[in-house]
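What follows is a short report on a single structure.
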Amino acid sequence: QLHLVESGGGSVQPGGSLRLSCTVSGDTFDVQRMGWFRKGPGKDREFLASVSQSGIAKYYADSVKGRFTISRDNDKKMVYLQLNSLKPEDTAVYYCAATLVVHTTTRSNEYNYWGQGTQVTVSS
């Protein structure tokens, strides 16, 4: 069973940056894509980005494309999300997730494992 732990959240001003990290432990052999989601106050869980097992193929939601960057380091068993040009509407709990399917998916129910989340707050 996988265990995912996010870190790197915090409070920043609009236009600021953060780098979120996700540490993956346990049986990682069958894990394919890794993804990042978020859930803002009063909002549903929202897909942000995903990366293939190789780390080469990446997919971003329109809301964050050009501002956020996903990456992974399989040797370190880490996944990252670089957040740039942050806006107040980016305020949310950010979650790391892992899926056993190979194809690109934005559907939360196709991700099998989840971290506990890390809070990102963007305000003046």
Side-chain angles (χ1 to χ4, degrees):
Q1 186 174 344
L2 289 179
H3 184 60
L4 282 59
V5 179
E6 301 97 334
S7 62
S11 182
V12 298
Q13 292 184 303
S17 298
L18 286 172
R19 186 183 186 231
L20 307 183
S21 299
C22 176
T23 301
V24 184
S25 61
D27 186 4
T28 62
F29 185 80
D30 292 326
V31 172
Q32 297 298 324
R33 282 188 164 267
M34 299 291 298
W36 285 94
F37 293 75
R38 69 184 179 190
K39 189 179 187 304
K43 300 179 180 179
D44 294 329
R45 184 168 293 184
E46 175 189 13
F47 170 82
L48 299 174
S50 67
V51 59
S52 64
Q53 194 279 333
S54 68
I56 297 174
K58 301 176 181 180
Y59 181 78
Y60 297 94
D62 289 341
S63 61
V64 303
K65 193 172 185 178
R67 298 191 298 124
F68 294 4
T69 303
I70 190 171
S71 61
R72 69 190 297 170
D73 185 333
N74 290 332
D75 290 335
K76 294 182 178 180
K77 296 184 178 181
M78 298 284 290
V79 186
Y80 308 96
L81 187 67
Q82 178 68 42
L83 315 177
N84 294 328
S85 302
L86 285 164
K87 307 172 183 179
E89 52 263 42
D90 293 320
T91 296
V93 178
Y94 284 68
Y95 298 90
C96 178
T99 180
L100 276 58
V101 303
V102 177
H103 64 267
T104 300
T105 180
T106 64
R107 298 160 64 178
S108 61
N109 62 5
E110 291 193 353
Y111 286 80
N112 307 91
Y113 303 97
W114 296 82
Q116 83 290 344
T118 185
Q119 177 71 46
V120 172
T121 302
V122 185
S123 63
S124 299

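On a predicted model such as this, the values are computed, not experimentally measured, just so you know. All residue numbers refer to positions in the sequence shown, counting from 1.
Evaluation of the salt bridge (charged side-chain N to carboxylate O under 4.0 Å, His left out) test over residues 68-84, restricted to residues two or more places apart or in two chains, returns none. Under the side chain to side chain donor-acceptor pair (under 3.5 Å) criterion, the residue pairs touching residues 9-19 are Ser17-Asn84, with sequence neighbours excluded. Screening residues 20-124 for disulfide bond (SG atoms under 2.5 Å apart) gives Cys22-Cys96 as the qualifying pairs, with residues at least two apart or on separate chains. Pairs of residues two or more places apart, or lying in two chains, that qualify as salt bridge (charged side-chain N to carboxylate O under 4.0 Å, His left out) and include a residue from residues 48-70 are Arg67-Asp90.
By the 4.5 Å heavy-atom criterion applied to side chains, Leu2 and Thr28 are counted as neighbours. Annotation: side chain of Tyr94 is in contact with side chain of Leu48 (closest heavy-atom distance under 4.5 Å). Considering only heavy atoms from C-beta on, Thr118 stays 4.5 Å or farther from Val93 through its side chain. Between Leu20 and Val120, some side-chain heavy-atom pair lies under the 4.5 Å cut-off. Between Glu46 and Ser63, some side-chain heavy-atom pair lies under the 4.5 Å cut-off. Looking only at side-chain heavy atoms (C-beta outward), Tyr80 and Ile70 stay at 4.5 Å or farther from each other. A heavy-atom distance below 4.5 Å is not found between the side chains of Thr69 and Leu81. Using a 4.5 Å cut-off on side-chain heavy atoms (C-beta onward), Phe37 and Trp114 make contact.
At least one donor-acceptor pair under 3.5 Å links the side chain of Glu6 to the backbone N or O of Gly117. Listed for the Tyr60 side chain is no donor-acceptor partner under 3.5 Å among the backbone atoms of Ser50. In this structure, Thr91 contributes its side chain and Val122 its backbone to a donor-acceptor pair below 3.5 Å. Side chain of Asn112 to main chain of Leu100: a donor-acceptor pair is present (N/O by atom type, distance under 3.5 Å, no hydrogens or angles).
A donor and an acceptor atom, one from each side chain of Thr121 and Ser123, are nowhere located under 3.5 Å apart. Using a 3.5 Å distance cut-off with no hydrogens or angles, the side chains of Arg33 and Thr104 do pair a donor with an acceptor.
With sequence neighbours left out, Tyr95 forms a ring pair (Phe, Tyr, Trp, His ring centres under 6.0 Å) with no residue at all. Considering only residues two or more places apart in sequence or on other chains, Glu110 meets the salt bridge (charged side-chain N to carboxylate O under 4.0 Å, His left out) condition with Arg107.
Across Asp27 and Val31, no two heavy atoms sit closer than the pair O-CG2, 4.5 Å. Taking all atoms of both residues into account, the shortest heavy-atom contact from Asn74 to Gln53 is ND2-O, 2.8 Å. Summarising the geometry of Tyr111 relative to Thr105, their closest heavy-atom pair is OH-O, 2.9 Å, with the distance given to 0.1 Å. Between Ala92 and Arg38, the shortest heavy-atom contact is CB-CB, 3.9 Å.
Enclosure of atom CG in Asp44 is not indicated, since only 12 or fewer non-hydrogen atoms of other residues, nucleotides or ligands lie within 6.0 angstrom. With a 6.0 Å radius and a threshold of 12 heavy atoms from other residues, nucleotides or ligands, Tyr59 has its OH atom at or below the threshold.
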